[in-house]
Every structure is written in C-alpha cells, then in structure tokens.
Amino acid sequence: MTEHPTSHERRQPSAARPTAPADPRGALLRTPEPPAQGSTGLPAQGRPAEAPTPPGTPGAPASEGQDPTGAPTPSGTLAAATGTPAASGTPAGSQGPPAPSGGHGPTDAPTGAGSEHSQPSVTEPDPHRPRPAPETIPAQSGAEAAAVLSGKERRTGQGPAPGTPMPMRRDGDRLRFVGAATRRIARGIDLDEIVMGLCRATVPTFSDAILVYLRDPLPVGDERPTGPVVLRLRRTDRIPEDRDTEGFLLPALQPEPDLGITAELCTVRPGGALNEVLRGVRPVFADAPAARAALPELIGEDLTVPGGQRAILAPLRGRRRVIGAALFLRRPDRPAFETDDLLVAAQLATHSALGIDKAVLYGREAYIADELQRTMLPETLPRPTGVRLASRYLPAAETARVGGDWYDAIPLPGSRVALVVGDVMGHSMTSAAIMGQLRTTAQTLAGLDLPPQEVLHHLDEQAQRLGTDRMATCLYAVYDPVAHRITIANAGHPPPVLLHLGGRAEVLRVPPGAPIGVGGVDFEAVELDAPAGATLLLYTDGLVESRLRDVWTGIEQLREKLAATAQLTGADHPPPLEALCDEVLDMLGPGDRDDDIALLAARFDGIAPSDVAFWHLDPEDAAPGRARRLARKALSRWGLEELTDSLELLVSEVVTNAVRYTSRPVTLRLLRTDVLRCEVGDDVPQLPRLRQARATDEGGRGLYLVNKLARRWGATRLSTGKVVWFELNHG
C-alpha cells in the first residue's frame, strides 16, 4: 500500500473532528484557523515571569508564533513542531463557563501556540477543564470547517490548483514526511530501487519534480577514482503536466528517460561553481549565489529552473565522498520552499547517498560471488566419445549466490570419461573456496587414472589437510564407452538414478560410504552395466531434500519424475537431455528449495564393437610396418580409404616412438565415431614433448607431424605407463 506522508493529524473524536476534503493524491491537509470570535480559551503560555493574558483582551501582546488574533502562524510554533498540545480552556486557577454540548459532550477548545522559548506550565490541571485537542489541531467553527471543506486558503481565500498537494505547514508534517520517505528509500536493495524510492517519496509530496545525478562510474568502497568527476542523469520524475508553465524546465522532463539515448553527462570542473556547491555538502536554494552559477553547469545553459526559492540543489554524499546531486523543483504557481525544507532535503540526500553507497558495495560483492562461482564450475562441458552431457546449477538464493556444490566431467585415456558431483557443507565464500580446491584435486587425481575409490581416498586426505571441519560429500564415476560399463564410488552422497531406454528408472545400489573429511574410512567401488541409450543422473541433495521432505522421499519423487518424462517420448526414444534437466528441476515447487543444486546428466551412447579395432604389437623394428598394414585394413573395412595416407604416416611415427623405449608389447586401438581416434599405449611413464627440431637433427619431427596433420592430439599418463592419442576428421 502506498504511503502518503502528508496525512499529518491523528484521528479526533467524531463529535469534535470536522470533516476535511481528501487531497487527490491521498493527503488530508488542513490550515490552522483562528478560534471563533467570542469563544473562551487559554492564552499561550509565556515565560515564567510573565502572567498569562486571555486572548482577545485589549492590549494583550501576541506571543511568538501567533498573529494578533491569537491564531498560530503558518510557519509553525514550538507546540506544532514538537507535537505537544498547548494549554486550552480558561487561565490557570479559574474555571470558565461550560461550553454547550448539544447532547454530545463538551466541544474541543481552541489551542494556543506558545513561543519558541516558552516552558510547560507546572500548574496542576483542573480535572473539570475541557481536554485539549490532540496534535494542536484547533477546534473549528462551522464557517471555518466549511472553508476547510472547500479547500480554500485562509489568507487568500483561494483553493489549491487541481491535482496538487497542499504544502506542509508544520514541522510535525515534515518529520512525518521524512520518516515515511526514509523508510521507502531504505527498502531498496540495489541502486535503481533506491533512486526510484527517492523519486517516488518526494514527488508530489515534497516537490513537483526531481532530477538525480550520480557519478559515472560510481566509486566502490574505499577506492579512489581517477580522472575528472562526471555526473550522469540517472533518473527524473515529476507531476504530469496538464497546463502551460511558461516554458520552465518541468514540462521538458521525461518521467522515464531512456538512459541509453537521453542520458546527460556533466563534467564537474575543478574550482568551478558546481564543484564548490558539491564540496559544501549542504543543500542550497537555487537563488543562492553559488547555486545560480552551479545550475547552468549541471543542467545546461539552455534550461532554466523556476525563480525564487522553488528549487533546491542537494549534494549526495556517501561514506567517503560526494557521489552525486539531487535537484528538487516546484512549479512557479506553487508555494516556494521554506527554510526548514533545506533540512528535509538534507535528510533525503543523506539517506539516499548512504543507501546508494551500500547498494554499490552489495553489487560488487554479488559480482565477485558470481564470478567466483562461475570460475569454480566448468564453463563448458567436454564432448567425450560415446557420451553426451548436460548440466544445471542453481544457487540457494539470490542473496547467497555462492556455495559448495560442484560437478565435473573429465576425459580419461581410452575414450573414458570421469563424472563427478560433490557438495561442500555451507553456502559461504569459504565453502566455495574449499569446493574449488577439492575440484582441482579431483581433476589432478583423474589425470593419474586412479580408480574411483582411490580418488575419494585422496580427496579425504586433502580435506583433512584443509581443516578439521571441512566436510563434503562426493560421487565419482568412470564410464567406459567401449566396455559399456561404469564404475562408481560414493562418499556420503545421494545415490545416482539410471533411466533406461524403455522408460524404467532405478536408483543404483552404491555403498554410501562416509563423507569426505571424516578420515580413517575406506571407500568401495562397484562396477555396473551402462547400456546404450540409458541416462545417468548425478545430483546434490538440494534437489531431493528440503524442509518439506526428507532425502529418500525426494529420491523416490525424482525417480517417478524421470519415468513419467521418459513415457512422453516413447519406449524407443530417450528424452532430450536439456529438456530432461528442465523437467527434473520443475519438480521443485515454490519455496521448496533452500540449498544449492548441481545436476549432471550423462546419456550413454557407447561405441559399438564393430567400430573398434585393437591389436598388440611386439616392441621390435617391424612394429611400425605392421601397424601401418593393420590400420590400412581397418580403414578399408570402414570405408575410410581417404584417410589412409594420413593415418599410416601418423601411426608409424607414434608407434616408432613407443617401441624405441618400451620393453613390453605396445597396444594400438582405432575407434570410429564422429571422428577417427587412434590410441597407442606403452609402459613408459614419461610423456612426449613437442619440440622444434634443428636442421642437423635426425629425429624429433614425429610429434611435429602429428601436431600439423591431426585434428587434436595428446598424451595421458596411466598407472602402468602412458597413452598417446590423436584424432582425424572424416566424412
């Protein structure tokens, strides 16, 4: 519900409260009126040495804040500023005649306003005296109430312009407005929300239009910006115009400017008038000498502002420095700003600037968190042979964008691939940092071609080295597309779900193991079938566990969701991976997620036995020639004769390097998928390095040829030696 801070008074009893017209924008404003002639009331309290004189007595002096008739002046009094009810009724020590009740009890007596330095009376109040009206609202006669209902101003007899709010007449009004405005500004969490809150809180209650300028770029924290100070028009707002305002600045303002097209820049000249106003920090009227010289520099020479005190220029100062300026404007036909309005503008500028400062800091922290999480997770998934991959990551909340969940897919020698998913305890930057270290360790261990249980064992040791409370769960699986088998080891992680081609979904029975970081425990690996067309789903507990359900209930719901999704595409066609991931995430209802979610889906295509050729070669001089003949026959069988020359040359070079240093048989394997892949393995752990051979060298050009002719190539160390591989495009 929108707040209207111009509704000033508390509710009075229905018998004594006149009905006033509501402002078109929701503000119920009243102008204090003098008491009815002939009514009895207490005078304003004077200084202790002065005797109070009843109002209306000939020669009675008017107290400060009153006109000679005893009515409070529009500028406000101490009673109005503090909200303390002034004394009403007859002078102390006497009892006036009772007011006619008309059957509804005594009427409210008119309130008097004391001087600025008056003290509260120490005389005990008479229990028979009429009670004063709350919030120093004077009781009004029938004629005065009619004037309020008509909306006319007391002195001029004219009503306000249609669609415009009444000006704030009392200090209490300003305090209530500042309180409501600062609450609205404080609700914003980012830069745009805070600036919009400032605009919406001030227009139309305080000003008819506002321009907000901010530094470009905004400094963050304690950093010291270099270069000249540049202000950019960030946002404007105004009351919609329905009549001519004599060509002043207001009709030219756009409520929602297109910052990409109409944004205005202002360079603050060192030593200039605008620079001096910004350094002064305090708001100034536009007719002040400093502001008259600064405004053309800020808004341009061609634009003007309403004359008199109808514009306030307020610098926006953050924690360290001035970060912008706000210009409050009123139309020429509206009452001008008063001196007390400078304090209101200062409060609005201070709260807005501090909020902008914090929003910029929050934005920087959110950016750092996003970048950290993005770099910790794979930017793109690899495209290993015989398997297709898809992934999703969802943070726990927008305010906690980093966490300890991660996933990974690591190509291994022999066309295998390692599938990893893990979850570090917590949702902080520390959890993300630990996750990054564990992920790097897992990648290094995978490069050594260790069994899954050994990888988890070394991860457990690494977690203990990082600290005693570094706990994590992890699931590590290795898929072999040639053997159509998968080996899985688990460290306290939820079990994976396998979706078969026919639509049946099953939760794999994997020993759960203890979480990483416990120490002193063994991990067990199991080897299972991975049929072609099946889909393996690895996930973290945020997908299946929440405040509304336990882990096993969520796992059963996940299994049912996968089976139902597979029925939509039929028994012979598995669902697309990307669509499957989206369907899985749709099982989460609103408010049903309070943890990070990492999801990795692997579709097993495998490699058919007819697309694999494998041989053992003895380490002898004739091995390269035999390798060329075998490769030629395999290409002829697959119909890839166009690759014969390139394959024979590269196979000869790689096999020659292998048999030169090995003492055991060399393995040669050809794989036909979307590319032709050749793998040569031996028992020598040293990896070959590409180098530039000199003109006098007799060797050293084999890998140079491989690097030039192959689509990709590489060398991977195994526990029993190494594998050198390369790929050629075909078809």
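Distance alone, capped at 3.5 Å, is enough to place a donor-acceptor pair between the Thr667 side chain and the Gly681 backbone. Between the side chain of Trp615 and the main chain of Ala631, no donor-acceptor pair closer than 3.5 Å is present. Side-chain N or O atoms of Arg416 include one that pairs as donor or acceptor with a backbone N or O of Pro413 at under 3.5 Å. Looking only at distances, a side-chain donor or acceptor of Asp357 sits under 3.5 Å from a matching main-chain atom of Arg319. In this structure, Ser431 contributes its side chain and Met425 its backbone to a donor-acceptor pair below 3.5 Å. Under a 3.5 Å cut-off, the side chain of Arg669 and the backbone N or O of Gly414 do form a donor-acceptor pair. Between the Tyr407 side chain and the Thr540 main chain, no donor and acceptor come within less than 3.5 Å of each other. Listed for the His484 side chain is no donor-acceptor partner under 3.5 Å among the backbone atoms of Ala608. At distances below 3.5 Å, at least one donor-acceptor pair connects side-chain atoms of Arg439 with backbone N or O atoms of Met376. Proximity of a side-chain donor or acceptor of Ser652 to a complementary backbone N or O of Glu648 within less than 3.5 Å is not detected.
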Could you walk me through whether Ile597 and Tyr539 pass the side-chain contact (heavy atoms from CB on, under 4.5 Å) check?
CA-CA 7 Å; Ile597 296 177; Tyr539 53 92; over 6 Å; no
Please step through side-chain hydrogen bond (donor to acceptor under 3.5 Å, both in side chains) for the pair Glu461 and His457, ending with a clear verdict.
CA-CA 6 Å; Glu461 292 180 340; His457 175 72; 3.1 Å; yes
side-chain contact (heavy atoms from CB on, under 4.5 Å) between Leu394 and Leu585, intermediate numbers included
CA-CA 9 Å; Leu394 295 179; Leu585 294 180; 4.0 Å; yes
Apply side-chain contact (heavy atoms from CB on, under 4.5 Å) to the pair Phe604 and Asp529, showing each step before the final yes or no.
CA-CA 11 Å; Phe604 299 144; Asp529 289 330; over 6 Å; no
I would like to know whether Asp423 and Thr473 meet side-chain hydrogen bond (donor to acceptor under 3.5 Å, both in side chains); could you show each step before the answer?
CA-CA 5 Å; Asp423 184 4; Thr473 62; 4.8 Å; no
Tell me, with the steps shown, if Asp682 and Tyr661 meet side-chain contact (heavy atoms from CB on, under 4.5 Å).
CA-CA 9 Å; Asp682 58 61; Tyr661 304 103; over 6 Å; no
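Atom CG of Asp621 has 12 or fewer neighbouring heavy atoms from other residues, nucleotides or ligands inside a 6.0 Å radius. For Asn707, the CG atom sits in a packed shell: over 12 heavy atoms of surrounding residues, nucleotides or ligands are nearer than 6.0 Å. Other residues, nucleotides and ligands place no more than 12 heavy atoms under 6.0 Å from the CZ atom of Arg383. At most 12 heavy atoms of other shown residues, nucleotides or ligands fall within 6.0 angstrom of atom CZ in Arg509. In Arg664, the CZ atom is not crowded: 12 or fewer heavy atoms of neighbouring residues, nucleotides or ligands sit closer than 6.0 Å. Residue-environment remark: CG (Asp645) stays at or below the threshold of 12 foreign heavy atoms within 6.0 Å.
Put simply, CG on Asp405 and CG on Leu599 are 11.0 Å apart, with the number rounded to the nearest 0.5 Å. Taking CZ of Phe523 as the start and CD1 of Ile516 as the end, the distance is 6.0 Å to the nearest 0.5 Å. The CZ atom of Arg392 sits 11.0 Å away from atom CG of Leu600, with the distance rounded to the nearest 0.5 Å. Between the CD1 atom of Ile356 and the CG atom of Leu361 there is a distance of 12.5 Å, given to the nearest 0.5 Å. How far CG of Leu643 is from CG of Leu635: 6.0 Å, rounded to the nearest 0.5 Å. Note that the CZ atom of Arg711 and the CD atom of Glu727 stand 5.0 Å from one another [nearest 0.5 Å].
Side-chain contact check for Asp460 and Gln464: at least one donor-acceptor pair (N or O, by modelled atom type) lies under 3.5 Å.
The minimum heavy-atom distance linking Pro496 with Leu475 is given by the pair CD-CD1, 3.5 Å. Contact between Leu377 and Trp406 at its shortest, heavy atoms only, is CD2-CA, 3.6 Å. When all heavy atoms of Leu617 and Ala623 are compared, the pair lying nearest together is CD1-O, 4.2 Å. A pairwise comparison of heavy atoms in Val684 and Gln686 identifies CG1-OE1, 3.0 Å as the closest pair. Across every non-hydrogen atom of Pro382 and Pro411, the tightest pair is CB-CG, 4.0 Å. When all heavy atoms are compared, the tightest approach of Val482 to Asp480 is N-OD1, 3.1 Å.
Each of Val526, Val478, Leu419, Ile486 was scored for a side chain to side chain contact (heavy atoms under 4.5 Å, CB included) with Pro452, with one residue passing: Val478. When Leu649, Val651, Val654, Val724 are each tested for a side chain to side chain contact (heavy atoms under 4.5 Å, CB included) with Val706, only one passes: Val654.
Salt bridge status for Glu583 with Lys561: present, with a side-chain N to carboxylate O gap under 4.0 Å. A salt bridge is defined here as a Lys NZ or Arg NE, NH1 or NH2 lying under 4.0 Å from an Asp or Glu carboxylate O, and Asp449 with Arg717 fails to meet this definition.
The shortest distance between side-chain heavy atoms of Thr487 and Pro451 does not fall below 4.5 Å. For the pair Glu524 and Val510, the minimum side-chain heavy-atom distance is 4.5 Å or more. A heavy-atom distance below 4.5 Å is not found between the side chains of Lys358 and Tyr362. At a threshold of 4.5 Å between non-hydrogen side-chain atoms, the residues Pro481 and Asp605 do not count as touching. Side chains of Leu558 and Val584 form a contact here, defined as non-hydrogen atoms less than 4.5 Å apart. Looking at heavy atoms from C-beta onward, Ser415 lies out of side-chain contact with Thr673 at the 4.5 angstrom threshold. Annotation: side chain of Leu650 is not in contact with side chain of Cys678 (no heavy-atom distance under 4.5 Å). Residues Asp596 and Tyr393 are in side-chain contact: their nearest non-hydrogen atoms beyond the backbone lie under 4.5 Å apart.
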